[in-house]
Each structure stands twice: as structure tokens, then as C-alpha cells.
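For the numbers below, each heavy atom of this structure counts, side chains included, while hydrogens, waters and symmetry mates do not. Chain identifiers are assigned alphabetically (A, B, ...) following the order of the sequence lines, protein sequences preceding nucleic acid strands; residue numbering begins at 1 within each chain.
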2 protein chains.
Amino acid sequence: MNISRASDYAIRGLVYMAKQPAGTVCFVKDIAKNTNSPASFMSKIFQTLAKSGIVNSFTGTKGGFTFNTQPENITIKTVIEIIDGPILLNRCAVNKSACNEIGICDVHYMWTDIRKILINALNSYSIADFATDKKNKMEVLSGVMQ
Amino acid sequence: MNISRASDYAIRGLVYMAKQPAGTVCFVKDIAKNTNSPASFMSKIFQTLAKSGIVNSFTGTKGGFTFNTQPENITIKTVIEIIDGPILLNRCAVNKSACNEIGICDVHYMWTDIRKILINALNSYSIADFATDKKNKMEVLSGVMQ
DNA sequence: TCTGAATAAGATATGAATTATCTTTATTAT
DNA sequence: ATAATAAAGATAATTCATATCTTATTCAGA
Ligand code: SF4
Ligand code: SF4
């Protein structure tokens with residue numbers, strides 16, 4: 001039921017990037033430091049993000065990462081899918097051959113239903129939502145905070 | 001993000017039980033056979049369900065399991081929590097000491113929000129929903145099925 | 001042009017959790 | 001007694017999450 005640590009790090013790493021001036025080339029070292037995450041692990045994570053195309057990577061001295069997609073257009077669902085793979089609560093959700101009960105299973109439908117709800121929720125937040133001042137964000141996201 | 005196999009088995013095992021006449025004492029052997037699940041594993045799972053109190057266990061010949069809570073009142077959330085533990089998408093959701101970013105973390109609020117949505121969805125289905133004829137169930141749950 | 005530092009990319013290792021299975025014990029009906 | 005059942009505990013196999021280590025790439029400066 002948990003998302004992985006890797007996804008948590010990825011999201012917060014991208015939020016850190018989104019807080020920098022647009023176009024800034026960010027080093028893994030700095031991203032890791034500012035998110036209290038292991039640099040070596042974060043490096044791996046950003047490799048995966050780069051492969052997916054949502055960030056650019058530049059090797060060598062002065063290398064690093066920049067956004068290739070606007071933070072507004074990167075949803076939490078997108079990030080989790082890149083890092084953890086397809087979002088699913090039960091194996092039958094996406095892969096028909098993952099379970100041979102499909103067709104006779106009473107509860108299969110429920111999982112597709114709940115999965116839709118979850119995906120919708122994860123899609124309703126973008127990286128950009130967290131890049132602005134925290135107080136403002138809270139007010140925007142929750143409507144009213146006391 | 002996945003629920004465990006154990007929870008999947010538990011849910012389908014309980015649905016099988018709910019299909020039997022009320023009060024029937026069910027053997028793990030039969031529950032496992034009718035759900036295509038490993039009997040030894042299912043035995044372990046029902047031990048846990050019994051400990052939680054939602055089913056009764058009877059040892060000895062003609063022993064087995066019966067409901068201790070009406071299937072209508074056993075939601076999917078209940079079952080998953082018994083088997084997999086508290087429902088959470090990220091470690092910060094329930095345990096404040098699980099992450100030392102809490103307090104400074106930009107995205108913490110999001111996880112509490114999405115968690116609520118997920119829990120609500122899991123609570124909207126009960127074991128009894130799947131114990132009746134499949135076609136009827138589909139119609140009830142989805143409103144209109146084509 | 002060389003050398004070295006900074007960086008990402010790729011390969012490997014560790015550890016924990018999941019998914020079972022096996023064995024023994026306790027209980028009960030016949 | 002015997003057979004049938006679950007409970008309990010130990011252990012094994014597998015998979016996955018997590019993290020580190022090694023290699024390749026790029027660039028700046030001598
Ligand atoms: S819910 Fe049904 S179809 Fe889905 S994995 Fe479980 S048994 Fe298979
Ligand atoms: S979202 Fe923030 S508070 Fe929650 S686990 Fe991740 S870093 Fe910690």
C-alpha cells in the first residue's frame with residue numbers, strides 16, 4: 001500500500017528543483033542535501049527521471065538536471081509511475097494475465113474502481129503546487145486551514 | 001502501492017464464507033480450494049482474522065471458522081488493516097516520528113489528503129457486497145453496466 | 001593537449017518484507 | 001483411541017526496496 005522511499009525522494013527532489021529559478025541546472029548533491037536524502041540513491045532516482053524524459057541530464061563538470069516538462073504538468077501520479085511503475089492496488093488492475101481468477105473473480109471490479117479513484121487523486125496534485133510558499137499552498141489545497 | 005497477496009486471499013476467503021448459509025462452520029481446506037489459494041497460507045491468514053475478532057475459530061474435528069461480525073459490517077478497509085496493518089501511502093501519514101521532515105515538509109499534507117480519499121473508497125465496499133450473484137453486484141456497484 | 005575534478009550513468013550489494021511451507025501441539029467428535 | 005481439525009511457531013524461498021560502489025563522461029585549467 002505504501003509508495004516507495006524512492007518516489008518520496010523523487011517528488012521532494014523535483015519540488016526542490018521547481019523552487020529554483022527556471023532553467024537552473026541542479027546537482028544531485030544539492031538536491032539530496034536539501035531533501036535530506038542519500039545522494040547516491042537520489043542519483044539513481046534522477047537517472048530514472050531523466051530516462052523518462054521529464055528532466056534533462058547533463059554529464060560532466062557543471063552537469064546536472066533541468067526540467068524538460070513544466071512542473072505544472074508533472075503530476076504526482078506521473079512521478080510515481082516513473083519510479084515505482086504502474087499504479088495499482090492489486091495485480092489484476094492492469095495485467096489480465098497476472099491472475100487466472102480474472103473472469104470468475106467476484107472482487108476484481110472493485111479494484112478497478114478504487115484504482116480509478118486513487119489515480120484521480122494522485123493526478124490532482126502537481127510538482128508546481130508545492131514549489132510556492134507553504135502557507136499559501138495549504139490554503140489553496142485545503143480550501144480553509146485553521 | 002499494492003495490497004499484499006495475503007489481503008487479496010483474505011478478502012476472497014471471507015467472500016466465500018459469506019456465500020455459505022449463515023452460521024456455517026467453514027474449513028480452511030475448503031476456503032483455500034474455492035479461492036485457488038495455498039491452504040497453508042490461508043490457514044495463517046485466518047489465524048490473524050480470528051485474533052482480530054471478526055471471525056470465530058473452533059478447533060478439533062468439525063472445527064473451523066464462522067463470522068463473528070456480520071459480513072455487511074466488514075469493510076475492505078477493515079480486512080486490509082487486519083492483514084497488512086494501517087493503511088498509509090507514505091510513512092508520515094500515521095506516525096509523526098516516522099519521518100523527521102514532518103513540520104518542514106512541503107508535501108506531507110498531500111499524503112494525508114490522498115490517504116483519506118483512499119480509506120473512504122476502501123470503506124465503501126463490504127464483504128457482503130460480493131456474496132450475492134455477480135451480475136447483480138456489478139449492477140449495484142457500478143450503477144449501469146453494459 | 002594533458003590532467004584532474006566534478007558530474008551522471010551503470011553495476012552490484014545489502015537488507016527487509018513478502019510469501020509461503022513445514023512441523024509440532026492442542027482440541028474435539030466419534 | 002483415532003481421526004480431523006485449527007493454533008502456533010520455526011524456517012525457507014523469493015522478491016523487492018534501499019542503498020552503495022565503480023565506471024564513464026564532460027569540462028576547466030595548467
Ligand atoms: S481481485 Fe480477483 S482478479 Fe484481482 S488479483 Fe485478486 S483474485 Fe485475481
Ligand atoms: S512526505 Fe514529507 S513528511 Fe511524509 S515521509 Fe515524505 S518527507 Fe516525510
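- Here the closest non-hydrogen pair linking B:Ser7 and B:Ile80 is OG-CA, 3.8 Å.
- Between A:Gly64 and B:Lys62, the residue anchored nearer the 5' end of DNA chain C, judged by the nucleotide with its closest heavy atom, is A:Gly64.
- Rounded to whole angstrom, the span from the CZ atom of A:Arg5 across to the P atom of C:dG15 amounts to 19 Å.
- Residue A:Gln47 places no side-chain atom within donor-acceptor reach of the base of C:dA8, judged by atom type and a 3.5 Å distance cut-off alone.
- Between B:Asp106 and A:Lys19, at least one side-chain N (NZ, or NE/NH1/NH2) sits under 4.0 Å from a carboxylate O, which counts as a salt bridge.
- Judged by closest nucleotide on DNA chain D, B:Ala50 is the one of A:Met42 and B:Ala50 placed further toward the 5' end.
- Residue B:Gly60 is in base contact, counting any heavy-atom pair closer than 4.0 Å across all strands shown.
- Residue-level contact check: B:Phe65 touches the backbone only, with heavy atoms under 4.0 Å from sugar-phosphate atoms and none from bases.
- One finds a side-chain N or O of B:Tyr9 lying less than 4.0 angstrom from the OP1 or OP2 phosphate oxygen of C:dA20.
- Nearest-nucleotide positions on DNA chain D place B:Phe46 closer to the 5' end than the other of B:Phe46 and A:Pro38.
- Proximity of B:Lys29 to the phosphate of D:dT5: a side-chain N or O atom is located under 4.0 Å from OP1 or OP2.
- Within the nucleic acid shown, A:Phe58 comes within 4.0 Å of sugar-phosphate atoms alone, with no base atom in reach, counting heavy atoms only.
- When rounded to the nearest whole Å, the span between CG of B:Asn36 and P of C:dT19 equals 17 Å.
- Using bins of under 30°, 30° to 60° and over 60° for the plane-to-plane angle, the ring pair A:Phe130/A:Tyr125 lands in the parallel bin.
- Between the CG atom of B:Asn2 and the C1' atom of D:dT15 there is a distance of 12 Å, given to the nearest Å.
- What separates CG of A:Asn56 from P of C:dA8 is a distance of 13 Å, to the nearest Å.
- Here the P atom of nucleotide D:dC21 and the CZ atom of A:Phe41 are 15 Å apart, to the nearest Å.
- The interatomic distance linking A:Ile45 (CD1) with C:dA8 (P) rounds to 13 Å, in whole Å.
- At a threshold of 4.5 Å between non-hydrogen side-chain atoms, the residues B:Ile54 and B:Phe67 do not count as touching.
- Distance from the side chain of A:Thr59 is smallest for C:dA8 among the nucleotides C:dA8, C:dT19, C:dG10.
- Between the side chain of B:Lys44 and the base of D:dG9, a donor-acceptor pair under 3.5 Å is found.
- Within the structure, a side-chain polar atom (N or O) of A:Ser57 is placed less than 4.0 Å from OP1 or OP2 of C:dA9.
- In this structure, A:Thr61 reaches the bases: a heavy-atom distance under 4.0 Å links it to at least one base atom across the strands shown.
- Using modelled atom types and a 3.5 Å distance limit, the side chains of A:Ser43 and A:Ser40 yield no donor-acceptor pair.
- When the nucleotides C:dT7, C:dA9, D:dA19 are ranked by their closest atom to the side chain of A:Ser43, C:dA9 comes out on top.
- Rounding to whole angstrom units, CE of residue A:Met17 and P of C:dA8 are separated by 10 Å.
- B:Ser40 comes within 4.0 angstrom of a nucleotide base, judged by non-hydrogen atoms across all strands.
- For A:Met1 and D:dC16, the CE to P distance is 17 Å, given to the nearest whole Å.
- A side-chain donor from one of A:Asn90 and B:Arg5 sits under 3.5 Å from a side-chain acceptor of the other.
- Of the candidate nucleotides C:dT21, D:dA6, C:dT7, D:dA6 has the atom lying nearest to any side-chain atom of B:Phe27.
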